[in-house]
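Below is one structure; the comments refer to it alone.
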There are 2 protein chains.
Amino acid sequence: MAFSDLSTSDVGALFERVPKATLRAHIVERLRHAILAGDIPPGAPLVETALSERFDVSRGPLREALRQLIEEGLVVTVPYTGTHVAELSVEDVHEIYSLRTVLETFAFEQVWPRRDDRFRAELRRRNDVLIASIDADDDRASILNELDFHGLVYEASGHKLLQRAWHGLRGRLQLYWAAHHRAHGRRGPKRDSHDSYIEAAFGAEFDAMKAEIADHMRRGVETTEKFLRSMPDLSGKPKRGVKS
Amino acid sequence: MAFSDLSTSDVGALFERVPKATLRAHIVERLRHAILAGDIPPGAPLVETALSERFDVSRGPLREALRQLIEEGLVVTVPYTGTHVAELSVEDVHEIYSLRTVLETFAFEQVWPRRDDRFRAELRRRNDVLIASIDADDDRASILNELDFHGLVYEASGHKLLQRAWHGLRGRLQLYWAAHHRAHGRRGPKRDSHDSYIEAAFGAEFDAMKAEIADHMRRGVETTEKFLRSMPDLSGKPKRGVKS
DNA sequence: TTGTGCCAGATTGTCAACAATCGACGATTC
DNA sequence: GAATCGTCGATTGTTGACAATCTGGCACAA
């Protein structure tokens, strides 16, 4: 990028096919980030005119971006009435974690027979990165790093459909954690929360890994459930008449 | 619906909130049906102007409908270049079936402890419906009935996220079967293909059910693989310059 | 007071015109 | 003859204006 103006033709194109970004794609990213970072809380209205002004685009691309986020489950809409950021119920969280248990186990099942040392090393590395962000008290980074840690298994599985499914779950998880973070100030994953997880990954018994995944999810859903019950309304209602 | 014109106010609205359908929603349905029925084969170009004329809408709603189908995995697009119906590779089919094995097992795991007699009866009923359409030599109905049969487990699980995941898999499966049907004339699911499946569902051992699901999928991926290899190009290329 | 109907504002849905980009074809040059 | 460059048609991306619909509140009557 830094040397793209050295010549008329795009030098970068020599190395990789990179289609010019569309406004829509840009909006999807920015809007998704705004939602997942908690800038626009669950339940908050997403008025098209307001957003198109905020992002300085017309409503066309914006609406298409919204469609995409709707399909990702981050946004819900009612025809002719309104659009708002999705809210998470206790049942939703249960569903996320139960499905995640199944998918993550399956992902490990794909990786396991390969006894991939590079994978394990990277797992350790990402945990170190996570710990570093915890030590630095950077909650937002901690959330992303936690997700990246678990995301590795899905990447390593090489299973595109599985990765897609993880993407859907990941977004919803992030949605919840952002709310948690906003409410508590600190999300508070323990420094050692992945110790046994990694230990199992380096072990020889797949059943142990399987049990560890289930246990990790159980812990996750526990904290989550407690938090959600203590905070019946974490949404940004009312749905209408707010200028964002 | 039959009595909606008996009075000025919509009588149906008394019982259920039913927002007026939008053009976009209509297009999504029609386009999805056209693709899944094989009217527009995998790889065929989806030119916006042609489609907007065919469905008699402007490009706005049409594009939004396309976004949705893209997110469902039925359509792929390259910015400024073109859009076409997704194609299925052998790897894709493997991924579909492997993930489906996991999800369907999980779905059964949810239903199993309830020992739900209504569920089992319905399972039998849907199999009868499937057999009827096979006997009637109605291939298109057979495909839908086969999917409906398996869909019951996901519905019965009551797991919304799981149902969503099944929806994604279902579309891709249908995409393949439509191609299969178009190429072979007959898809040919056996009349008795679900006998052991149902037997296991009525049995007491969950492990037997689990094994049966895996076996069912193994048979599916086998047929599928053989077919795809025998037919390296089932797409409707070229991607550009065709009026559909 | 309670219920009912209507009205106005807000919001999303739809459209048609215009701009940006891409891919292929052919002219041109060495 | 091969490679390169420019041009042109096709296609998608973007915009602003207009239409359809919903929600909430207010006037009015029982």
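The analysis underlying the following values was restricted to heavy atoms, covering all of them including side chains, and did not include hydrogens, waters or symmetry mates. What you are looking at is a predicted structure, and each value in this text was computed from that prediction instead of being measured. A note on names: the letters A, B, ... follow the listed sequences, proteins ahead of strands, and every chain is numbered from 1.
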- request: For the helix from C:dT1-D:dA30 to C:dC30-D:dG1, measure the angle between the helix axis at one end and the axis at the other, each built from five pairs, rounding to 10°.
  value: 10°
message: Set out, in order, the CA-CA distance, both residues' side-chain angles and the distance that settles salt bridge (charged side-chain N to carboxylate O under 4.0 Å, His left out) for B:Glu155 and B:Arg126, then state yes or no.
response: CA-CA 13 Å; B:Glu155 295 168 25; B:Arg126 294 199 186 186; 3.2 Å; yes
query: What nucleotide among D:dG13, C:dG13, D:dC22 has an atom nearest to a side-chain atom of A:Glu48?
result: C:dG13
query: Any idea which heavy atoms bring B:Trp166 and B:Leu147 closest together, and the distance?
result: CZ2-O, 3.7 Å
task: Give the rounded distance in Å between these two atoms: CD1 of A:Ile27 and P of D:dG13.
output: 14 Å
message: For a quick test of reading the model: is some side-chain N or O of B:Thr77 closer than 4.0 Å to OP1 or OP2 of D:dT12?
response: no
query: Is there side-chain contact between A:Val28 and A:Glu64, with at least one heavy-atom pair below 4.5 Å?
result: no
Under 3.5 Å donor-acceptor, B:Thr101 side chain and B:Leu99 backbone: no
- prompt: Whole-Å distance between C:dT12 C1' and A:Ile70 CD1?
  reply: 11 Å
query: Just how far, in rounded Å, is P of C:dT21 from OH of B:Tyr80?
result: 5 Å
- prompt: Expressed in angstrom and rounded to an integer, what is the separation of B:Arg24 atom CZ from C:dT11 atom C1'?
  reply: 13 Å
- prompt: Over how many whole Å does the gap from B:Leu51 atom CG to D:dT11 atom P extend?
  reply: 11 Å
- prompt: Do A:Val85 and A:Val76 have side-chain heavy atoms sitting under 4.5 Å apart?
  reply: no
- line: The nucleotide from D:dG13, D:dT21, C:dT14 with an atom nearest the side chain of B:Leu23 is C:dT14
query: Taking atom C1' of C:dT14 as reference, at what distance in whole Å does atom NE2 of B:His26 sit?
result: 16 Å
message: Output the rounded distance in Å from CG (B:Leu46) to C1' (D:dA10).
response: 16 Å
- request: Go through residues 57-69 of chain A and report each residue with a non-hydrogen atom lying under 4.0 Å from DNA chain C, sorted by number.
  value: A:Arg59, A:Arg63, A:Arg67
message: Before we go on, tell me: are the rings of B:His159 and B:Phe106 under 6.0 Å apart, centre to centre?
response: yes
- prompt: In terms of ring plane angle, is the pair A:Phe119 and A:Phe108 parallel, tilted or perpendicular, where the classes change at 30° and 60°?
  reply: perpendicular
message: Checking the side chain of A:His94 only, and the main-chain atoms of A:Val90 only, is there a donor and an acceptor separated by less than 3.5 Å?
response: yes
- line: Heavy atoms of B:Leu62 and B:Ser52 approach each other most closely as CD2-N, 3.9 Å
